[in-house]
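A quick write-up on the structure given underneath.
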Amino acid sequence: MGGWSVHSVSTPLSLSLGSHSLPKPAYYCCFNYGFPVKSRKAPFCAISIRCCASASKSYNVNKILQAEPEIDDFVVVNFYRFVFIRDPQHEIAKHLTFLKGLDIHGRIYINEQGINAQYSGPSKHSFAYVEWLKEDDRFSDILVQTSPAFNGHAFPKLKLRYKPSLVQGVASDQLLQVDKEKTDILMYCTGGIRCDVYSTILRQQGFQNLYTLEGGVSHYLKTEGPVKWIGNLFTFDSRLSLPPSAYNHETMIEASMTQQASSDKFAKCYVCNSQVSELRHRNCANLDCNFLFLCCENCVMDLGGCCCYNCMTAPRRRPVLPGFQRYKKWHVYRDQKVEA
Ligand SMILES: [Zn+2]
Ligand SMILES: [Zn+2]
């Protein structure tokens, strides 16, 4: 009776929270750019300091452009806000004008219902856009989430445009059997936006006891560390996934210990079901499959980077990717001979 039903909105790796406790109240840490510092522990990571240092109100786009960005100074920024935008095309034009000349790649979608942005860039460029946005009263208190990009841009290019729906539709019939009045439902997603959308829909359908994780798992990892979290967090950009320590440097040691102790419980090879040592997704070598999966080193070699034996004989196969690389466009591989 009335147990928890933990409902993930398509987040590939799962969060296991204690069965009867809600997450502790959120404390915004210094890392959370632009927000008041209410951290219980003194923030000390380099990125925190940089965030705060660049939080000054005055910025100058030309000055920003003069500075040559370091490859390790790239960040990924996420924010969204549901607010009525009377003229989305005018809003888009304003944003495009501001971003002209700034080195920003990513997905920024705007419509009458608001804005949803995920982008990467040198930290100065990335935060200049945030500062500019916050000068608008509609966005002045927006929750901005940042994480390190490690290796330059996490998105191939900038897509800033009108989109009829700010989040992708997800059909779920998992809740059909659930008692709408008695069951407590905890929803979570990566950055919070999908829970905002779908909790509204579920409330309209009569669900009474809905809880959502504010700011999503990324905000949870930032404020709480890897408490009760196993594995990495999927990121929906070229980084694929990040360890909890990327969101909260203080918990790095704690995180690696948790991971060692409990990763065998869930991180299985998609092909042979053995435990994987590297929590890193890869795309199937068959371009026409491109399935994203976890795979052990043995199966990577045995199946030539494919997800199954069928894909091994597909016409558009690519070579096994070494290390943490991503596949490039098909023409790069088209004329290469791949051993069957
Ligand atoms: Zn395997
Ligand atoms: Zn495949």
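Residues take their numbers from the sequence shown, with the count starting at 1. Order of listing sets the numbers, starting from 1, for every ligand and every atom in it.
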Do R318 and N290 get their side chains close enough for a donor-acceptor pair, meaning under 3.5 Å? yes
Donor + acceptor pair across side chains of D103, H153 (<3.5 Å): yes
Within less than 2.8 Å of the Zn ion (ligand 1), any N, O or S from C295? no
Quick check for you: with the Zn ion (ligand 1) as the vertex, what angle do SG of C299 and SG of C296 span, to 10°? 100°
What's the SG-the Zn ion (ligand 1)-SG angle here (C272, C269), rounded to 10 degrees? 110°
Electrostatic pair K94:E91 at N-O distance under 4.0 angstrom: yes
With distance as the sole criterion, is a donor-acceptor pair present between the side chains of Y80 and D196 under 3.5 Å? yes
Does C306 put an N, O or S atom under 2.8 Å from the Zn ion (ligand 2)? no
Would you please indicate if the ring centroids of Y129 and F127 are separated by under 6.0 Å? no
I'd like to know if the Zn ion (ligand 2) has an N/O/S atom from C307 within less than 2.8 Å of it, counting both backbone and side-chain atoms. yes
